[in-house]
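Take a look at the structure set out below.
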Amino acid sequence: MPAGPVGGFVGRERELEELRGEIGRPGLRVAGGREAERGRVLLVVGRPGIGRTAVAVELARQVAAGYPGGRHFVRLTGDGGEPLPAEEVADALAPAAGKPALVVLDDVARGDQLAGLLPLAPGSLVVATAGGPLTGVPDVRPCTLGGLDTPAAVELVARAVGGTRVTNDPRGVETLVQELGGHPTALRLVAAWLAAQPRLSLSEAAARLKAVPGPGELTRAFRLVYDALPASAALLLRLLVLAPAGRIDAQVASALAGCSVPAAQSTLDDFVASALLEGGGPRPYRVPGCLEPLLRALLEQHEKPDDVRLARARMLERTVRLLRSCGATLAGEAPEDGLPPTLRFASPAAAADWLADRRPALLAAARAAVADGELDTLARRLIAALVRALVSVPEGPQAMAAERYALHGLVLGVAERRGLHREKAAALINLADLDAEAGRGDGALAKYRQALDAARAGDDTDAEGRILEALGGTYLDRQDLPRACDWFGRALALRQARGELVHQARLHARIGSVLTYQAQYGLALREWRASAGTYRRLGDLPSQARALTEAARVQEYAGHPEDALRTCRDALYWARQAGERRLEAAVLLRLADALDRLGDSSGAGLQRAAAQRLFKPGEFPAF
């Protein structure tokens, strides 16, 4: 549950009493006196900055003891004002299932968005906030917030400027409160500005505020404070709305403004003291939602599009360097030479924590870079660095499959927009690989075929070979053996034309395996022998021994145990030449099986005993 706004919570006794009364209102019950199947829903509505979130959080604090399922806070609107995806919200609310819980759903955009999250466990309480009444949610009466009453507004100002100044100028503070209509955020802005100017009277502040043009109390209060900022601080404040996902730290601010990290940190802390930013300490900095439209308007008014793009490019470049450092640290590698200490991570654990904490903002940065349309080179570098970091997380790459899928989709969009056939093929291959890993065979096949067209359009024969083999593997997973063999054969023909022996040896083996499954033993034996011969040309003796052992298996299946015995002996020779003890033991066991089929149980026993001597206790052959 987030902390309250700067200055603490004041007033709202009447509204809180009304909301507490709504919890036990008879409308909770249905016919027969049974509890409703969903939790109770309360709604707090009001203008931006009027304090609806603060009221919801304060109510949750006051009544939390009655909800053993705990307190949960979820903001339902993204930083661009768009409703969050239902699955993302459902994941955030998963801990609230089961016992009666207290849930604050902040910034609900539409009634159907809220209705889709219900029911929760009977006896739960949902406190929602919105800009106005919501349709489609039954049995909900909104509590509409206006400005603070005069005593609460005066108390809020006194907390910031001190009781002595308020006592010495009671008429001035009342005029100030009236001028701002009791608007809490406007009052905090002006009060924080006054706290930094101890010699300015409250009456003089009210007079200056009255002279500020503009519609609405919040706009006028903000302009009073903003116009007093130094030019460099005002520039940084405007640029902060470019931060991905609205998440700000000293690195982001430093890159946007082109200043040092310590200078950015100091300015951010000053903004928090001035009520222009929220957060700080263990929490990220954020521009208050009610101030963001004002800052965006100022950014558009004062900065040229090229200057905004340059600031965003600096931020993305800094992010790329941080991600590269993070990925290297997670992989146990040394960061690049000349990297400053501010971009280094003390340990893999620190890098993992940083990545987990900033992952939503990093994904938002990638989306924004692609959407810009003029930063495609930076966008591709950012995505490459982010993917590398995500596959290195301690949980394993599969834990980040959804994020990686989204990122490769972004690369695909850039490649299609720019007509980059090779990059398009690579993105489609990555997407297809993830589809295949997740068991989405139809999706994998479709994307591999699209990738094949793109690779051929880009004359990327290496990618073409990989795709042909991947198509074979996908059909093999689907137990479509004839098609699998066909695609492996196409891949082999391409690799032979390119003279790539390593790929040829592997593909001969894959084709041999499929033909063995189909009981086409003569063709399978030919492929396994071709694989063994190619590995011999490569000097890969262990792989040569394995291929020969598989050839012996095929000969056994075909009813030729004497041939299988001779091939096993060849495999044993090459395994010994390779000096691999466990491989030699595995071949001895295969030789023992061949001798058993020939009726030589004594010889088979000798081979098994020899194999056993090569194993350590509890060890098994790897083959």
Side-chain angles (χ1 to χ4, degrees), residues 1-23 42-65 71 73 102 104 106-107 125 127-133 141-195 202-203 205-206 209 216-222 224-225 272-276 278 288-291:
M1 195 72 69
V6 175
F9 187 85
V10 297
R12 302 298 192 191
E13 288 84 1
R14 178 186 59 79
E15 292 90 342
L16 289 167
E17 183 179 359
E18 176 185 333
L19 287 165
R20 288 193 299 268
E22 282 287 303
I23 297 174
L42 306 180
L43 179 60
V44 183
V45 302
R47 295 172 292 156
I50 204 66
R52 61 196 187 214
T53 303
V55 168
V57 170
E58 175 62 17
L59 176 67
R61 186 191 67 78
Q62 291 183 7
V63 303
R71 289 188 291 166
F73 182 96
L102 197 165
V104 174
D106 191 34
D107 208 11
L125 174 64
V127 186
T129 74
R141 296 187 298 199
C143 173
T144 303
L145 301 181
L148 293 171
D149 58 34
T150 299
V154 170
E155 180 184 350
L156 190 154
V157 174
R159 289 185 180 185
V161 305
T164 301
R165 291 176 75 180
V166 169
T167 301
N168 289 341
D169 193 359
R171 181 67 61 86
V173 74
E174 288 184 9
T175 303
L176 188 65
V177 166
Q178 292 169 4
E179 192 67 34
L180 293 174
H183 193 289
T185 302
L187 285 166
R188 285 190 174 88
L189 285 167
V190 174
W193 173 72
L194 272 167
L202 298 174
S203 296
L209 179 64
E217 302 92 347
L218 180 60
T219 300
R220 292 168 55 229
F222 170 74
L224 177 72
V225 175
V272 172
S274 301
L276 292 166
E278 299 171 340
C290 58
L291 299 185

From [X] [atom1] over to [Y] [atom2], what is the distance, rounded to the nearest 0.5 angstrom?
X	Y	atom1	atom2	value
L42	I23	CG	CD1	5.5 Å
L145	R47	CG	CZ	10.0 Å
F222	L291	CZ	CG	6.0 Å

Exercise. side-chain contact (heavy atoms from CB on, under 4.5 Å) between L218 and L189: does it pass, once the steps are laid out?
Worked result: CA-CA 9 Å; L218 180 60; L189 285 167; 4.1 Å; yes
Taking the side chain as every heavy atom from C-beta outward, state whether [X] and [Y] have any pair of such atoms under 4.5 Å apart.
X	Y	value
E58	R12	no
E179	V190	no
L59	V44	no
I50	H183	yes
V55	L19	yes

For this session: Check each of R14, R52, E22, E18 against C143 using the side chain to side chain contact (heavy atoms under 4.5 Å, CB included) test, and report the only one that passes.
Result: E18
For this session: Give the intermediate values and the outcome of side-chain contact (heavy atoms from CB on, under 4.5 Å) for residues L194 and L176.
Result: CA-CA 11 Å; L194 272 167; L176 188 65; 3.9 Å; yes
Do you know which two heavy atoms are closest between [X] and [Y], and how far apart they sit?
X	Y	value
T175	A206	CG2-CB, 3.9 Å
A195	V161	N-CG1, 4.0 Å
L43	P133	CD2-CA, 4.3 Å
A153	L187	CB-CD1, 3.6 Å
L16	G11	CD1-O, 4.4 Å
A273	A192	O-CB, 3.3 Å

Exercise. Can you check whether S203's main-chain N or O pairs, donor with acceptor, with D169's side chain at less than 3.5 Å?
Worked result: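 Pair found, side chain donor or acceptor close to backbone of S203.
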Exercise. Are any side-chain N or O atoms of R159 and backbone N or O atoms of V10, one a donor and one an acceptor, separated by less than 3.5 Å?
Worked result: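 No.
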For this session: For V104 and R71, run side-chain contact (heavy atoms from CB on, under 4.5 Å): C-alpha distance rounded to whole Å, both residues' side-chain angles, the deciding distance at 0.1 Å, then the answer.
Result: CA-CA 8 Å; V104 174; R71 289 188 291 166; over 6 Å; no
Problem set entry | Derivation of the side-chain contact (heavy atoms from CB on, under 4.5 Å) call for L209 and W193 | CA-CA 12 Å; L209 179 64; W193 173 72; over 6 Å; no
